Amino acid sequence: MSTSPKPLHLNAFLMSTGHHEASWRLPESDPYSTTSIAHYAKLAQTAERGRLDSIFFADSPSLWGTIGRRPSGSLEPTVVLAAIAALTTRIGLIATASTTYNEPYNLARRFASIDHISGGRVGWNIVTTATLDAARNFNRDELPSHAARYARAEEFLQVAKKLWDSWDDKAVLADKEAGLWGDDRLLYPAAHAGEHFQVAGALNVPRTPQGHPLLVQAGSSEDGRAFAANHAEAIFTAWQTIEEAQAFYADVKRRAKDAGRDPDGVLVLPGIVPVLGSTEAEARLLEEELDRLIVPEYALGNLAKQLKLDPSELDLDKELPAVLPTEDEIEGAKSRFTLIVDLARRERLTVRQLIGRLGGGRGHRTFTGTPEQVADAILDWADNGAADGFNIMPAVLPSGLEAFVDQVVPILQAKGRFRTEYEATTLRGHYGLARPENPRRAEAVASAVKGVLAHSR
């Protein structure tokens, strides 16, 4: 008996004028859009018009390198989501927030508030923040170790879940006749005391339409995979080849199953940077124009920083040095370091060529071609065990997102692989995920029963 292919899930990753670092230099681009809520609202509405599952904003609590290279600085993403929630009705809203430089109570409250405001459309991309620049903005001289950041993240999420579950779904009575707004017996304080956090609770926001935000994770290191297998409901990841993507996909699905979870409830969404044209030649011309506008000096400095080298050690017209740090020596973005080095070695790229390949998506796969070719590339990975969908990263915004929505999405819809209308009202619903039950309620009921039995004796 044949089974129908699973529907795709598509998220739009929104970044200022686009993911290509030279996109801001095109005549059509607004170099001031990075702080324009109107810009992001229009993009969100375009994604919603295409019936995409969600939009996503990256974040780091520090400047992303020098401000000479591309539009820098960014609005705090949960603030952006709150504004966009009022201007959209169905699109999911995902923001990045760090477990290293936040506290569980404040962050749990922020995401709960947005989930209420949006009617159940919020998601949290959980990161541990891998830059020394961020550490130095928060009273630290050194970056906490990779292992230490993930240990804190593990406990942080444990506390956040306790806080989201600290109100019973029936705690609000709103009984005007009796003058009773809520039932204090249906509050379940977090009462958490751990290595990193002591949190009394309960949260000062009732349990939300989704119960918990959709939990997203974006690290592909060993620690990142373990964290994703235990907690993530969607995974943003970066791979250059289908073979690498297939290996990652199989690995995290196996890990999720070993952790007692349903692997189908852990969605893998690799990034793809589509550069579209009505013909392949037209798409290539746009790609070449963008690459021509890259300023090598800025890109060279950024690459050197990622590889833990001095810029003087890199020659634009030669391959990477034979001797580089190992992944074990990298305390930052370990998996991205390995991806960049493997790409350069595999294709024997010069530094100049490598800069061009990274300029579009910082290591995410760039695909240049017609709408039909992009749709076929997406389905190839989805149908061959490499992805459950994609994190769409337009090279240029807004035009790249508009082209994807108007030209690629209809092809996927015609093939029966993507929705033509929203069927759900929540982000969890878009991703086919259930609303979490509240384990604190079950614990409270069991405790009450135990107390009654003890008293009856």
Side-chain angles (χ1 to χ4, degrees), residues 9-16 19 33-45 47-48 52-62 64 73-131 134 153 156-157 160-161 163-164 203 205 208-219 227-228 231-237 267 269 271 391-393 397 401 426-428 430-431 433:
H9 297 286
L10 299 175
N11 171 79
F13 182 173
L14 306 181
M15 178 183 284
S16 64
H19 284 269
S33 62
T34 188
T35 54
S36 169
I37 196 63
H39 170 71
Y40 292 120
K42 181 181 177 182
L43 293 174
Q45 289 163 349
E48 188 168 64
L52 271 59
D53 295 70
S54 48
I55 59 171
F56 160 63
F57 293 93
D59 191 50
S60 176
S62 65
W64 290 347
S74 58
L75 300 172
E76 201 285 322
T78 60
V79 174
V80 174
L81 294 194
I84 291 176
L87 300 172
T88 55
T89 58
R90 291 294 187 89
I91 191 82
L93 309 168
I94 302 173
T96 298
S98 173
T99 56
T100 306
Y101 305 114
N102 278 294
E103 290 292 321
Y105 197 95
N106 284 346
L107 201 59
R109 183 189 187 196
R110 204 176 308 155
F111 278 108
S113 297
I114 300 170
D115 206 47
H116 278 291
I117 290 170
S118 65
R121 294 186 283 136
V122 79
W124 173 22
N125 179 43
I126 305 165
V127 298
T128 63
T129 309
T131 66
F156 192 113
L157 185 56
K161 287 182 175 180
L163 290 168
W164 290 322
L203 198 63
V205 181
T208 72
Q210 291 191 115
H212 300 171
L214 180 83
L215 300 178
V216 184
Q217 187 268 353
F227 187 86
H231 304 295
E233 294 160 313
I235 302 173
F236 295 155
T237 186
L267 303 172
L269 308 176
N391 201 15
I392 308 302
M393 304 166 58
L397 289 169
L401 181 61
T426 68
L427 176 54
R428 288 183 168 278
H430 299 338
Y431 280 102
L433 301 172

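Predicted, not measured: the structure shown is a model, and the values here were computed from it. Just so you know, these numbers use all the heavy atoms, side chains as well, and skip hydrogens, waters and symmetry mates.
Here the closest non-hydrogen pair linking I117 and A82 is CG2-O, 4.4 Å. Closest non-hydrogen pair, G123 versus F111, comes out as O-CE2, 3.5 Å. Closest non-hydrogen pair, T88 versus Q45, comes out as CG2-CG, 4.2 Å.
H116 places no side-chain N or O within 3.5 Å of a backbone atom of V205 that could act as its donor or acceptor partner. Although no hydrogens or angles enter the test, the distance criterion places a donor-acceptor pair under 3.5 Å between the side chain of D115 and the main chain of Q210. Of the possible donor and acceptor atoms, none in the side chain of T34 sits under 3.5 Å from a partner among the backbone N and O of S74. Distance alone, capped at 3.5 Å, places no donor-acceptor pair between the S33 side chain and the S36 backbone. Judged by distance alone, with hydrogens and angles left aside, the side-chain atoms of R121 form no donor-acceptor pair with the main-chain N or O of L93 at under 3.5 Å.
Proximity of T99 to W124: side-chain heavy atoms (C-beta onward) are separated by under 4.5 Å at one or more points. Considering only heavy atoms from C-beta on, L87 stays 4.5 Å or farther from Y40 through its side chain. The side-chain heavy atoms of L397 and L43, taken from C-beta on, include a pair separated by under 4.5 Å. Under the 4.5 Å side-chain criterion, counting only non-hydrogen atoms from C-beta, Q217 is not in contact with L157. With contacts defined as side-chain heavy-atom distances shorter than 4.5 Å, the pair I94/F236 qualifies.
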Report task. Mind running side-chain contact (heavy atoms from CB on, under 4.5 Å) on L14 and L401 for me, showing each step along the way? Result -> CA-CA 9 Å; L14 306 181; L401 181 61; 4.1 Å; yes
Query - Candidate pair F227 and I126, rule side-chain contact (heavy atoms from CB on, under 4.5 Å), full reasoning - result: CA-CA 10 Å; F227 187 86; I126 305 165; 4.0 Å; yes
Query - Evaluation steps, side-chain contact (heavy atoms from CB on, under 4.5 Å), between L214 and L433 - result: CA-CA 9 Å; L214 180 83; L433 301 172; 3.3 Å; yes
**Report entry** Test log, rule side-chain contact (heavy atoms from CB on, under 4.5 Å), inputs F57 and L75
**Finding:** CA-CA 10 Å; F57 293 93; L75 300 172; over 6 Å; no
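Evaluation of the salt bridge (charged side-chain N to carboxylate O under 4.0 Å, His left out) rule for E233 yields R428 as partners, not counting sequence neighbours.
Distance check: L107 CG to N102 CG gives 4.5 Å after rounding to the nearest 0.5 Å. With values rounded to the nearest 0.5 angstrom, S60 atom OG is found 8.5 Å from Y101 atom OH. Distance check, rounded to the nearest 0.5 Å: CG of L427 to CD1 of I55 gives 10.5 Å. To the nearest 0.5 Å, atom OH of residue Y105 and atom CG of residue L163 are 7.0 Å apart. Atom-to-atom distance recorded for L52:CG and H430:NE2 is 10.0 Å, nearest 0.5 angstrom. Here R109 contributes atom CZ and L203 contributes atom CG; the two are 8.0 Å apart, rounded to the nearest 0.5 Å.
Residue T96 is tested with D59, N125, T129, T78 for a side-chain hydrogen bond (donor to acceptor under 3.5 Å, both in side chains); the sole match is N125.
No hydrogens or angles considered: nothing links the side chains of N11 and D53 as a donor-acceptor pair under 3.5 Å.
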